[in-house]
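Excluded from the calculations below are hydrogen atoms, water molecules and symmetry mates; all remaining heavy atoms, backbone and side chain alike, are included. Everything quoted here is computed from the prediction, not taken from an experiment.
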Amino acid sequence: SVFPNPVSNIVAVSSIENIGINSISLTDINGRIVKNSLFENVANVEVNISDLASGMYLMEISSNEGTTTKKIIKN
């Protein structure tokens with residue numbers, strides 16, 4: 001799960017069923033990667049996006065089980 005959404009500064013990402021998060025990348029509406037973070041199989045992550053402009057972003061979350069994409073709205 002990804003929360004809160006919309007977000008102002010820090011977005012939290014939590015995995016379910018002990019599936020560890022390996023990386024998170026944020027892309028803007030034009031497809032440019034604006035933030036990329038690597039992790040080592042962790043269950044809960046906080047990503048600071050206070051430096052990004054307001055708008056819509058796509059958050060790609062990768063784990064050993066695969067990849068999912070969530071839409072994030074930055075206030």
Side-chain angles (χ1 to χ4, degrees):
S1 63
V2 176
F3 57 92
N5 196 11
V7 60
S8 295
N9 295 319
I10 302 207
V11 61
V13 181
S14 297
S15 65
I16 56 171
E17 300 175 8
N18 298 322
I19 297 172
I21 299 167
N22 293 326
S23 70
I24 292 178
S25 65
L26 281 166
T27 57
D28 65 13
I29 196 125
N30 296 318
R32 293 178 296 221
I33 295 175
V34 293
K35 191 171 282 281
N36 196 19
S37 302
L38 298 176
F39 306 98
E40 291 189 23
N41 208 24
V42 294
N44 299 303
V45 173
E46 289 186 344
V47 179
N48 186 341
I49 62 169
S50 61
D51 57 330
L52 299 179
S54 297
M56 187 181 82
Y57 295 88
L58 295 177
M59 176 180 275
E60 185 175 284
I61 306 161
S62 297
S63 71
N64 293 337
E65 300 292 319
T67 302
T68 188
T69 303
K70 302 285 185 181
K71 182 169 53 172
I72 301 293
I73 305 296
K74 166 81 164 64
N75 289 339

(message) My understanding is that only residues two or more places apart in sequence, or in another chain, count here; which of them pass side chain to side chain contact (heavy atoms under 4.5 Å, CB included) with A43?
(response) S15
(message) According to side-chain hydrogen bond (donor to acceptor under 3.5 Å, both in side chains), does anything in residues 3-13 pair up with another residue at least two apart or in another chain? List the pairs.
(response) none
(message) Under 3.5 Å, is there a donor on one side chain and an acceptor on the other for S25 and N36?
(response) no
(request) Kindly compute the distance separating CD (E46) from CD1 (I10), expressed to the nearest 0.5 Å. (result) 5.5 Å
(message) For K35, is the NZ atom crowded, meaning more than 12 foreign heavy atoms sit under 6.0 Å from it?
(response) yes
(request) Give, for atom CZ of F39 and atom OG of S62, the distance between the pair rounded to the nearest 0.5 Å. (result) 11.0 Å
(request) Hey, could you give me the CZ/CG distance between R32 and L26, rounded to the nearest 0.5 Å? (result) 13.5 Å
(request) For residues G20 and S63, report the shortest heavy-atom separation together with the two atoms involved. (result) O-CB, 2.9 Å
(request) Would you check if V11 and F3 make a side-chain contact, meaning some heavy-atom pair closer than 4.5 Å? (result) no
(message) Check for me, please, whether I29 and I73 land in the same ILVMFWY cluster - side-chain distances under 4.5 Å, paths through other members count.
(response) yes
(message) Using 0.5 Å steps for rounding, measure from the OH atom of Y57 to the CD1 atom of I49.
(response) 7.5 Å
(request) Please round to the nearest 0.5 Å and tell me the distance separating atom CE of M59 and atom CD1 of I72. (result) 4.5 Å
(message) Count I, L, V, M, F, W, Y as connected when their side-chain heavy atoms are under 4.5 Å apart, and connections chain through other members. Are V45 and V34 then in the same cluster?
(response) yes
(message) List the residues meeting side chain to side chain donor-acceptor pair (under 3.5 Å) with S54, not counting sequence neighbours, and say none if there are none.
(response) none
(message) Please check: side-chain N/O of N48 versus main-chain N/O of S50, any donor-acceptor pairing under 3.5 Å?
(response) yes
(request) Working to the nearest 0.5 Å, report the span between CD1 of I19 and CD1 of I61. (result) 11.5 Å
(message) If the condition is side chain to side chain contact (heavy atoms under 4.5 Å, CB included), which residues does N41 pass it with, not counting sequence neighbours?
(response) N22, N64
(message) Checking P4 now: which residues fulfil side chain to side chain contact (heavy atoms under 4.5 Å, CB included) with it, not counting sequence neighbours?
(response) V7
(message) Restricting to side chain to side chain contact (heavy atoms under 4.5 Å, CB included), what partner residues turn up for T69, sequence neighbours left out?
(response) L58, E60
(request) Check the hydrophobic clustering (I, L, V, M, F, W, Y; side-chain heavy atoms under 4.5 Å; chains of links allowed) and say if V42 and V47 are grouped together. (result) yes
